[in-house]
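For reference, the structure discussed in these notes is given below.
Just so you know, ligand 1 is whichever comes first in the structure, and atom 1 is the first atom listed for that ligand.
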Amino acid sequence: MAFKLIEYKREGDIGVLYINRPQALNALNRETLGEMKSFLKDVLPGEGLRALIVTGAGDKAFVAGADIKEMYDMTDGEFEDYIELAQGVYELIENSIPSIAAINGYALGGGCELALACDVRIASDKAKLGFPEVKLGIFPGWGGTQRATRLIGPGKAKELIFTGEMIDAQEAQRIGLVERVVPHEKLMEEAKNLASTIAKRGPIAVRLAKTAINAGYDMDLKKALLLEKSLVSICFKSEDRVEGMKAFLEKREPSFKSK
Ligand code: CAA
């Protein structure tokens with residue numbers, strides 16, 4: 001499948017998805033979101049990858065948000081469709097294989113929301129993050145009010161969203177908006193190392209741990225613990241569990257088959 005505004009590269013068990021509109025700081029217009037949707041629905045499931053890195057092409061931006069030029073002229077209905085499209089794409093990422101946002105520059109508005117839809121965020125020390133939407137008379141509508149609140153708490157989420165101010169990578173790490181900050185030139189290497197580490201682990205275990213964390217987060221603790229029990233019991237029945245424990249006892253690396 002040929003793409004124009006995104007680029008997909010595979011390296012062994014790991015995939016890298018580049019948002020590729022550097023001339024517009026990788027702003028997500030409808031066409032780019034449409035390509036992301038096709039990739040996530042029609043390409044990624046058949047690839048058998050263990051982890052996906054999402055990053056921005058060029059040296060300046062991860063994603064500078066929704067495309068303001070395109071959004072300006074939208075009708076009310078088109079705007080609602082745009083929100084629905086982006087929310088759907090981000091849900092596909094959230095419900096897919098383990099994902100890492102490699103934040104190589106500006107991650108603003110919809111760009112910060114894209115990073116929030118990924119499982120782990122690694123930022124370059126040059127990255128800048130924020131939600132400038134209120135400066136445009138809107139507020140984050142691609143999951144930001146919900147996912148930022150869940151990740152960093154309502155106080156910090158409100159401070160960022162109500163002011164529209166950008167923060168640097170160090171501050172983002174301090175408040176828990178990103179998990180790691182690394183030197184700019186080391187970003188992709190660090191992201192690939194992390195993806196490779198995840199790729200070596202039991203794939204069923206990682207997948208079901210993701211489900212337990214994501215689905216359990218919105219449940220009360222009793223229900224979430226039941227979910228955890230049922231999912232980890234599925235792992236226990238797998239061949240990979242036998243292999244993992246056997247490899248430990250035999251003091252060797254496991255060879256998981258995803259069975
Ligand atoms: N949409 C469309 N085009 C954008 C864009 C965006 N979000 N961000 C940058 N661009 C374009 C610029 O218009 C410019 O294009 P031209 O050369 O054709 O004019 C090009 O990218 C380079 O940008 P700048 O010249 O502005 O670069 P800079 O270094 O001076 O500033 C910046 C960088 C601070 C990131 C600035 O571009 C900026 O503030 N961008 C907008 C960020 C923003 O407000 N994002 C939120 C969008 S709303 C949203 O995301 C909604 C939602 O949640 C639903």
**Message:** A side-chain contact here means heavy atoms from C-beta on lying under 4.5 Å apart; do L231 and T211 qualify?
**Reply:** yes
**Asked** So, for F39 and Y8, is the gap between ring centers shorter than 6.0 Å?
**Response** yes
**Complete:** Those residues at least two apart in sequence (or on a different chain) that pass side-chain hydrogen bond (donor to acceptor under 3.5 Å, both in side chains) with K192 are E11
**Request:** With heavy atoms of Q23 as the reference, note each atom of ligand 1 found under 4.0 Å away.
**Result:** 20 (C), 21 (O)
**Asked** Would you say ligand 1 has an N or O under 3.5 Å from any N or O of G110?
**Response** yes
**Message:** For K135, which part has a heavy atom under 4.0 Å from ligand 1: side chain, backbone, both, or neither?
**Reply:** neither
**Request:** Check each atom of ligand 1 against the heavy atoms of L136 and keep those under 4.0 Å away; list them by number with element.
**Result:** 44 (O), 47 (C), 48 (S)
**Message:** Could you tell me, atom by atom, which parts of ligand 1 come under 4.0 Å of a heavy atom of E113?
**Reply:** 52 (C), 53 (O)
**Message:** In the complex you have, is atom 17 (O) of ligand 1 within reach of the protein, judged by whether a heavy-atom distance drops under 4.0 Å?
**Reply:** no
**Carboxylate-amine/guanidinium proximity below 4.0 Å for E113 and R147** = no
**Message:** Is the distance between the ring centroids of Y82 and W142 under 6.0 Å?
**Reply:** yes
**Request:** Just go through N26, I68, D67 and tell me whose heavy atom is the nearest to atom 41 (C) of ligand 1.
**Result:** I68
**Request:** Identify the residue among D59, N104, D125 that makes a side chain to side chain donor-acceptor pair (under 3.5 Å) with H184.
**Result:** D59
**Request:** Could you tell me whether atom 38 (C) of ligand 1 has at least one protein heavy atom nearer than 4.0 Å?
**Result:** no
**Asked** Does the side chain of T145 come within less than 4.5 Å of F131's, by heavy atoms?
**Response** no
**Item:** For atom 27 (O) of ligand 1, the option (of E70, M71, K60) bearing the nearest heavy atom
**Value:** K60
**Heavy atom of protein inside 4.0 Å of atom 48 (S) of ligand 1, strictly below** = yes
**Request:** Check whether any N or O atom of M166, backbone or side chain, sits under 3.5 Å from an N or O atom of ligand 1, and answer yes or no.
**Result:** no
**Asked** Nearest heavy-atom pair of K210 and S96: which atoms, and what distance?
**Response** NZ-O, 2.9 Å
**Message:** On a heavy-atom basis, I'd like to know which of L108, I138, T145 is closest to atom 35 (C) of ligand 1.
**Reply:** L108
**Prompt:** From atom 23 (O) of ligand 1, is the closest protein heavy-atom distance below 4.0 Å?
**Reply:** yes
**Prompt:** Does some non-hydrogen atom of the protein lie less than 4.0 angstrom from atom 8 (N) of ligand 1?
**Reply:** yes
**Request:** Indicate yes or no: does K37 engage D42 in a salt bridge with an N to O separation below 4.0 Å.
**Result:** no
**Heavy-atom pair of closest approach, residues P203 and F256** = CD-CB, 3.6 Å
**Complete:** atom 45 (N) of ligand 1: of G109, G65, A27, A64, the nearest heavy atom sits on A64
**atom 26 (O) of ligand 1 [closest protein heavy-atom partner, distance rounded to 0.1 Å]** = L25 CD1, 5.0 Å
**Message:** Looking at non-hydrogen atoms alone, which of G105, A107, P132 comes nearest to atom 44 (O) of ligand 1?
**Reply:** P132
**Prompt:** Can you tell me the protein heavy atom closest to atom 52 (C) of ligand 1 and the distance?
**Reply:** E133 OE2, 3.3 Å
**Request:** Decide side-chain hydrogen bond (donor to acceptor under 3.5 Å, both in side chains) for S196 and N193; before the verdict, give the C-alpha distance in whole Å, the side-chain angles of both, and the deciding distance to 0.1 Å.
**Result:** CA-CA 5 Å; S196 302; N193 284 343; 5.3 Å; no
**Complete:** The side-chain hydrogen bond (donor to acceptor under 3.5 Å, both in side chains) partners of K60 (sequence neighbours excluded) come to none
**Item:** Protein contact of atom 11 (C) of ligand 1 - nearest heavy atom, named by residue and atom, plus distance
**Value:** A24 CA, 4.0 Å
**Prompt:** Quick one: does K69 get an N or O within less than 3.5 Å of an N or O on ligand 1?
**Reply:** yes
**Element-labelled atoms of ligand 1 that are located less than 4.0 Å from some non-hydrogen atom of P140** = 53 (O)
**Item:** Per-atom contact, atom 31 (O) of ligand 1, protein heavy atoms, under 4.0 angstrom
**Value:** no
**Request:** Report, as yes or no, whether the 6.0 Å neighbourhood of atom CD on Q23 holds more than 12 heavy atoms from other residues, nucleotides or ligands.
**Result:** yes
